[in-house]
Amino acid sequence: MLILCIIPLKSSLMKSLLFVCLGNICRSPLAEGIAKKIILEKKLNITVDSAGTGDWHIGDSPCHNSIKVAALHGVDISSQQSRQVTLKDFQDYELIIGLDDSNMTNLNKLGAKDALKLGSFGYKNEDVPDPYFFDGFEGFEKVYEMIESCVTQLLEEKLHD
Ligand code: 4NP
């Protein structure tokens, strides 16, 4: 009986979302920034962060082109700092969202069994491609549009009040 009372209380208060890519400098910072913008606009009560499965960029700012494309859309991600995902994240965050299949594989290996892929929200489960390896800026615009569309649907489907 006690458990039945606590569970609904916890789930209604704790809405939290962690986006995970590889380096946490290109894609997941965009997802975090876009989600925070929507959450602010819609006055939702959701905590959002992002992280990478790799450790190469810990402490770094998002990549230049991600900061640029976000700014063009009115989203400031320049103060974010890359961090590596931790096992504690899997307890602390209600939803763990990977950006591509390799992120999902890495998350599953780390023990994040219920992680979901961002592309499953309106993009036929496609990977969000890694723009770090693209030539030029155009790829960042495409990636931004895809992330914005998927994050909007994710917030509607999973985390609306
Ligand atoms: P992200 O892109 O996973 O979207 O942040 C990457 C950025 C850097 C590296 C890998 C992925 N890297 O290997 O340095």
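Each ligand, and each atom within it, is numbered from 1 in the order the structure gives.
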Quiz prompt | Set of residues that line ligand 1, where lining means a heavy atom lies under 4.0 Å from it | solution = Cys21, Leu22, Gly23, Asn24, Ile25, Cys26, Arg27, Trp56, His57, Asp130, Tyr132
Quiz prompt | Residue pair Arg83 / Leu18: nearest heavy atoms and the distance that separates them | solution = NH2-CD1, 3.5 Å
Quiz item: Would Lys117 and Val128 count as a side-chain contact (heavy atoms from CB on, under 4.5 Å) if you check the C-alpha gap in whole Å, the side-chain angles of each, and the deciding distance to 0.1 Å?
Solution: CA-CA 9 Å; Lys117 193 169 141 185; Val128 177; over 6 Å; no
Self-check item: All pairs passing side chain to side chain donor-acceptor pair (under 3.5 Å) where residues 61-71 contributes a residue, at least two apart
Solution: none
Exercise. Not counting sequence neighbours, which residues clear ring-ring contact (aromatic ring centres under 6.0 Å, His included) with Tyr144? List them please.
Key: His73
Exercise. Go through the structure and list residues passing side chain to side chain donor-acceptor pair (under 3.5 Å) with Thr86, not counting sequence neighbours.
Key: Asp89
Quiz item: Of the non-hydrogen atoms in Asp76 and Ser79, which two are nearest, and what is the gap between them?
Solution: OD1-N, 4.5 Å
